[in-house]
Amino acid sequence: MIAAATLTAAGPVAAAGDTAPACIAREVVKQNKTAWTTNNCGKNMHIQLVIKNGPDKQCWTTFPGETLEWK
């Protein structure tokens, strides 16, 4: 269940534990237990979904323009 989500991006733009940079678009719909991210950074980014009071998701590499969906 996605109670609340924070997206993190690993790499030079954001250190571990920081939220994703502004070029990572994100949307969470708690009622549907779904989260989406879109990489608008112009380069590959590593993204991890962190779920409040739940298990964190694995780290994913996203390509420029790619949208990921988690349920």
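Here the structure is a predicted model, which means the values were calculated and not measured. Along the sequence shown, residues are numbered consecutively beginning with 1. Reckoned from all heavy atoms, side chains included, excluding hydrogens, waters and symmetry mates.
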Take Trp36 and Val29, measure what side chain to side chain contact (heavy atoms under 4.5 Å, CB included) needs, and give me the verdict at the end. CA-CA 9 Å; Trp36 294 270; Val29 179; 3.5 Å; yes
Given side chain to side chain contact (heavy atoms under 4.5 Å, CB included), test Phe63 with Asn39 step by step and report yes or no. CA-CA 7 Å; Phe63 303 101; Asn39 179 355; 5.5 Å; no
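Shortest non-hydrogen contact noted between Trp70 and Ile47 is CH2-CG2, 4.0 Å. Between Arg26 and Pro21, the shortest heavy-atom distance links the atoms NH1-O, 3.2 Å. What you find for Thr61 and Glu66 is that their closest heavy atoms are O-OE1, 4.0 Å. Shortest non-hydrogen contact noted between Gly42 and Pro64 is C-CG, 3.6 Å. Of all non-hydrogen atoms in Gly65 and Thr38, the two that sit nearest each other are O-CG2, 4.2 Å.
Considering CD of Gln58 and NE2 of His46, their distance stands at 13.0 Å, rounded to 0.5 Å. A distance of 6.0 Å separates CG in Leu68 from OG1 in Thr62, rounded to the nearest 0.5 Å.
In this structure a side-chain-to-backbone donor-acceptor pair under 3.5 Å is missing from Asn40 to Ile24. A donor-acceptor contact shorter than 3.5 Å is absent between the side chain of Asn32 and the backbone of Thr34.
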